[in-house]
Q: 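First the structure, then my questions, so here it is.
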2 protein chains.
Amino acid sequence: MVRILVVDDEAAIRQMLAFALTGEGYITTEACNADQAQDAIHTNRPDLILLDWMMPGLTGVDLARRLKRNPETKDLPIIMLTARGEEHEKIKGLDTGADDYVTKPFSIQELMARIRAVLRRSGKEKEGEILVIDDLKIDLGTHRVTINGQPIELSPTEFRLLHFFVSHPERVYSRSQILDNVWGSNVYIEERTVDVHIRRLRKLLASHGFADYIQTVRSVGYRFSKTINE
Amino acid sequence: MVRILVVDDEAAIRQMLAFALTGEGYITTEACNADQAQDAIHTNRPDLILLDWMMPGLTGVDLARRLKRNPETKDLPIIMLTARGEEHEKIKGLDTGADDYVTKPFSIQELMARIRAVLRRSGKEKEGEILVIDDLKIDLGTHRVTINGQPIELSPTEFRLLHFFVSHPERVYSRSQILDNVWGSNVYIEERTVDVHIRRLRKLLASHGFADYIQTVRSVGYRFSKTINE
DNA sequence: CGAAATATGACAGTTTTATGACAGGCTGGA
DNA sequence: TCCAGCCTGTCATAAAACTGTCATATTTCG
């Protein structure tokens with residue numbers, strides 16, 4: 001489950017990118033300025049950032065520099081979107097810390113290729129990763145979940161939800177945070193729907209003896225935790 | 001538990017904001033003019049102030065300046081609400097000391113994003129904090145309370161109440177101050193209700209060997225304190 | 001002792017979450 | 001293209017959990 005944050009002040013471009021990325025199986029979040037972007041990065045850390053070079057207010061370059069300066073965010077890969085007129089080479093020389101550049105207008109294929117390349121370089125790619133918690137294993141490469149060796153059949157959404165929980169254990173997430181992380185922002189879905197998916201996931205896990213890991217934190221949200229609370 | 005003070009002379013706007021903020025998990029207090037605001041700031045220090053720029057009497061700008069001049073309040077982040085006609089740029093130049101500006105009409109999302117951004121900058125964000133007093137730990141990230149490692153189950157209100165006490169120890173609070181801080185102002189609740197919640201919290205803490213920390217100060221209120229008084 | 005203030009236990013109304021059912025959408029095949 | 005079957009988002013409803021208030025004890029203090 002790779003999450004991509006799209007930062008661009010033009011709604012049309014954001015939407016186009018979101019559409020294309022979603023189609024490729026990425027989860028997208030949008031921000032229309034640097035502030036919103038920072039916000040999104042903190043509440044819902046993406047795996048990669050597509051950043052428009054020109055934006056009103058804090059520009060993409062500034063934001064990139066700032067992110068690269070902060071140790072907490074400096075490993076977040078950034079792909080900068082630049083307009084043709086802006087002289088690629090010159091920009092590259094600016095030492096913004098971006099990991100790659102794409103010149104508008106660009107083809108979707110080209111962008112996707114670069115995204116994959118950057119993700120591969122940053123090691124964030126899904127290949128080969130295996131998450132383990134107790135007897136639960138999530139193999140991202142084969143997209144397979146097993147408990148104690150026994151495979152479990154999960155629907156796509158269940159898989160993403162479990163993946164999210166396993167990679168963010170112990171912390172409470174509100175329903176809307178869960179929606180953002182698992183469904184991607186810019187979807188409008190009833191918050192209660194999260195409950196339903198939680199139930200489905202719980203039922204599946206329970207039927208394999210892996211119960212009580214998804215805990216309800218009343219009036220806050222849910223938490224995935226090994227420590228059973230009494 | 002982040003508290004936000006909303007200062008605006010129009011009741012409708014105050015209510016709308018209070019509703020939206022409460023929905024996001026903030027505790028809100030309202031004031032309809034600068035005087036009330038100052039009052040509220042002293043009896044119930046907020047973590048952030050939403051301040052209308054135009055108000056009868058002392059305007060938002062004046063109040064902001066005053067707060068920023070006072071060393072005790074100068075670190076309180078302020079977000080100024082301005083009407084469109086008021087020329088953003090000009091206002092920014094006024095050196096009011098506000099930390100950010102939002103132009104009316106604004107979208108709730110935008111406001112929330114800016115609030116989070118400002119809170120983040122001021123380090124007041126809820127994430128990751130862990131409060132400790134003796135063997136009592138409150139982990140805001142996982143929303144978990146433990147005594148000596150043993151988890152305690154608290155209801156939402158109990159959690160907020162304990163959180164408030166632990167972050168404001170060694171000081172007496174009247175029942176109405178407690179109501180303001182834990183329930184938010186603009187709720188109409190019997191003062192005696194505080195007693196009941198205190199009792200519930202005491203009982204829970206006592207059952208885990210953490211008794212006598214919440215002390216009754218007769219005819220004044222309650223105090224959370226390590227130093228047991230005789 | 002008597003008034004005032006606080007602690008308690010019980011309770012009913014609310015709020016929040018869990019569940020079961022369902023219909024539209026989508027997918028892969030026929 | 002059409003169909004069967006799986007996914008999914010939403011509801012209505014049931015089930016829990018939480019809360020605010022009261023009436024009634026207890027305690028405190030002059």
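None of the values given here were measured: they were computed from a predicted structure. Lettering follows sequence order; numbering is per chain, from 1.
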Q: Between B:S219 and C:dA5, is there a side-chain N or O to OP1/OP2 distance below 4.0 Å?
A: no
Q: Any pair with a residue in residues 12-21 of chain B that passes salt bridge (Lys or Arg N to Asp or Glu O under 4.0 Å), sequence neighbours left out, goes on the list, sorted by first then second residue, please.
A: B:R14-B:E30
Q: Between the side chain of A:D8 and the main-chain N/O of A:E10, is any donor-acceptor distance below 3.5 Å?
A: yes
Q: Exactly one of B:T29, B:D180, B:N44 should register a side-chain hydrogen bond (donor to acceptor under 3.5 Å, both in side chains) with B:R3. Which one does?
A: B:N44
Q: For C:dT16, does OP1 or OP2 lie under 4.0 Å from any side-chain N or O of A:T216?
A: no
Q: Fit a plane to each ring of A:W183 and A:H197, take the angle between them on a 0 to 90° scale, and name the class: parallel (under 30°), tilted (30 to 60°) or perpendicular (over 60°).
A: perpendicular
Q: Measure CG/B:L204 against C1'/C:dA7 and give the value in whole Å, please.
A: 16 Å
Q: Find the distance B:R160:CZ to D:dT19:P and express it as a whole number of Å.
A: 7 Å
Q: Distance check: side-chain N/O of B:T157 vs OP1/OP2 of D:dT19, anything under 4.0 Å?
A: yes
Q: Are A:D100 and A:R114 within salt-bridge range, i.e. N to O under 4.0 Å?
A: yes
Q: By nearest atom, which of the nucleotides D:dC7, D:dT19, D:dG20 is closest to the B:W183 side chain?
A: D:dG20
Q: May I have the distance from B:K203 (atom NZ) to C:dA7 (atom C1'), rounded to whole angstrom?
A: 11 Å
Q: CZ of B:R175 versus P of C:dA5: gap in Å, rounded?
A: 10 Å
Q: Return the nearest nucleotide to the side chain of B:Y222; candidates are C:dT6, D:dT8, D:dC18.
A: C:dT6
Q: Judged by atom type as modelled, is there a donor-acceptor pair below 3.5 Å linking the side chain of B:E158 to the main-chain atoms of B:S155?
A: yes
Q: Any salt bridge linking B:D212 with B:R202? Criterion: basic side-chain nitrogen under 4.0 Å from a carboxylate oxygen.
A: no
Q: Quick check on contacts: within residues 189-202 of chain A, what sits under 4.0 Å from DNA chain C by heavy-atom distance?
A: A:R192, A:D195, A:R199, A:R200, A:R202
Q: Quick check on the helix from C:dC1-D:dG30 to C:dA30-D:dT1: what's the angle between its two end axes, five base pairs per end, to the nearest 10°?
A: 30°
Q: Would you call the rings of A:F210 and A:F224 parallel, tilted or perpendicular if under 30° counts as parallel and over 60° as perpendicular?
A: parallel
Q: Touch check for B:F159, heavy atoms < 4.0 angstrom, all strands: base, sugar-phosphate only, or nothing?
A: nothing
